Amino acid sequence: PIIAGNWKMNNTKAQTYALLNDLVPLVADAEAEVVICVPYTSIWAAGEAIKGTNIHLGAENVHWAEKGAFTGEISADMLLEQGVEYVIIGHSERRQYFGETDETVNKRVLTALAKGLKPIICVGETLEEREGGKVEEVLVRQTTEALKGVDKDQLDKIVIAYEPVWAIGTGKTATAQDANDTIAIIRNTIAKLYCPKCAEEKVRIQYGGSLNPKKAKELMSMPQIDGGLIGGASLKAEDQVQRLKSCKIKIKALRKGRFFICNSKLIIIKEDDLKNHLTDTASVYII
Ligand code: PGA
């Protein structure tokens with residue numbers, strides 16, 4: 001399982017140090033893979049803050065060219081030099097606001113893999129597409145196009161994040177059953193492109209989009225869901241106050257670690273111990 005935070009355009013260098021200084025010791029025993037995808041200007045600071053820890057460093061985009069006249073872009077080598085391991089590609093905000101297409105997603109994916117970066121490829125339908133009954137068509141297309149030219153033996157480097165556009169930053173989380181069934185479409189597409197075993201064992205597929213403590217338990221317990229890509233909730237624990245007495249967050253399967261931010265601190269606890277760690281007033285956030 002893989003739990004990744006997508007900071008988007010948030011956190012200055014100072015804020016990066018502050019957040020990670022708290023986070024690092026608290027995730028030391030995590031069973032799941034923890035990734036933070038940070039803005040370019042925070043990469044160096046984040047890399048320093050997590051050096052020697054179990055937190056993996058990610059960026060939020062990468063260009064396909066080796067180098068050159070691409071103002072505002074960043075190359076794989078530039079990221080690798082800073083210790084970046086993961087890179088988000090094709091986030092719907094890039095597709096919506098910055099002209100990202102299936103074709104450019106694919107180019108970025110191929111370069112990332114060739115360079116040794118692990119892509120977190122975002123796919124997901126808009127509300128209009130969902131209402132028009134096009135979910136399957138869109139996801140099959142996005143997945144197939146993104147993976148064009150990717151070898152079977154590269155699949156274990158790939159993470160796919162299913163993020164319905166209508167769920168991102170809106171507070172409208174997909175239902176667990178719906179997310180599970182939709183992720184099954186993506187897995188089935190990979191099975192057809194490669195092999196069922198590849199789809200089952202090599203590619204991790206996350207759910208993302210308003211993932212919050214209330215919904216996390218159900219979503220993460222679904223068989224198709226291998227983790228989460230979390231935006232807003234990975235930033236400000238204190239803004240996301242949840243009474244925890246009634247909130248039992250479970251991340252499915254023994255291999256999956258349990259992460260909570262409690263009163264701005266990330267803690268990892270066994271579910272059985274949950275009640276001993278929490279007070280009436282605890283603010284809890286799953287990361
Ligand atoms: P959200 O964002 O958790 O704030 O909805 C998720 C994402 O965009 O990756």
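We count ligands from 1, going down the list as the structure has it; atoms in each ligand are counted the same way. Nothing here was measured: the structure is a model prediction, and the numbers come from that model.
Every N/O-N/O distance between G209 and ligand 1 stays at or above 3.5 Å. Among the atoms of G231, some N or O lies under 3.5 angstrom from an N or O of ligand 1. At a 3.5 angstrom cut-off on N or O pairs, L211 does not count as close to ligand 1. Between H91 and ligand 1, a contact under 3.5 Å exists for at least one N or O pair.
One finds a salt bridge joining E85 and K118 here, because a Lys/Arg side-chain nitrogen approaches an Asp/Glu carboxylate oxygen to under 4.0 Å. Classification of E145 and K148 as a salt-bridged pair holds, one side-chain N sitting under 4.0 Å from a carboxylate O. A salt bridge links R108 with E73: the closest approach of a Lys/Arg side-chain nitrogen to an acidic carboxylate oxygen falls below 4.0 angstrom.
Put simply, the side chain of E60 does not reach to within 4.5 Å of the side chain of R94, judged on heavy atoms. When side chains are defined from C-beta on, V105 does not count as touching Q142, because their heavy atoms never get closer than 4.5 Å.
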N/O donor to acceptor pairs below 3.5 angstrom from side-chain atoms of residues 64-71, sequence neighbours left out:
{"from": "E66", "atom 1": "OE1", "to": "K115", "atom 2": "NZ", "distance (Å)": "3.2"}
{"from": "E66", "atom 1": "OE2", "to": "K115", "atom 2": "NZ", "distance (Å)": "3.0"}

Return all side-chain donor-acceptor pairs below 3.5 angstrom for residues 201-208, not counting sequence neighbours, or 'none' if the list is empty.
{"from": "R204", "atom 1": "NH1", "to": "E33", "atom 2": "OE1", "distance (Å)": "2.6"}
{"from": "R204", "atom 1": "NH2", "to": "Y86", "atom 2": "OH", "distance (Å)": "3.1"}
{"from": "Q206", "atom 1": "NE2", "to": "I2", "atom 2": "O", "distance (Å)": "3.1"}
{"from": "Q206", "atom 1": "NE2", "to": "G228", "atom 2": "O", "distance (Å)": "3.1"}
{"from": "Y207", "atom 1": "OH", "to": "A174", "atom 2": "N", "distance (Å)": "3.0"}
{"from": "Y207", "atom 1": "OH", "to": "G209", "atom 2": "O", "distance (Å)": "2.7"}

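The protein atom (non-hydrogen) at minimum distance from atom 2 (O) of ligand 1 is K8 NZ, 3.3 Å. Among protein heavy atoms, atom 7 (C) of ligand 1 sits closest to E163 OE2, 3.1 Å.
For I168, heavy-atom contacts with ligand 1 shorter than 4.0 Å involve the backbone as well as the side chain.
Ligand 1 lies out of reach of G208, whose nearest heavy atom is not under 4.0 Å from it.
Near G232, the atoms of ligand 1 lying under 4.0 angstrom from a non-hydrogen atom of the residue are 1 (P), 3 (O), 4 (O). Against a heavy-atom cut-off of under 4.0 Å, L229 is close to the following atoms of ligand 1: 9 (O). Interface atoms of ligand 1 facing S210, defined by a heavy-atom separation under 4.0 Å, are 1 (P), 3 (O), 5 (O).
Hydrophobic cluster membership differs between L229 and V165, with clusters built from Ile, Leu, Val, Met, Phe, Trp and Tyr side chains linked at under 4.5 angstrom.
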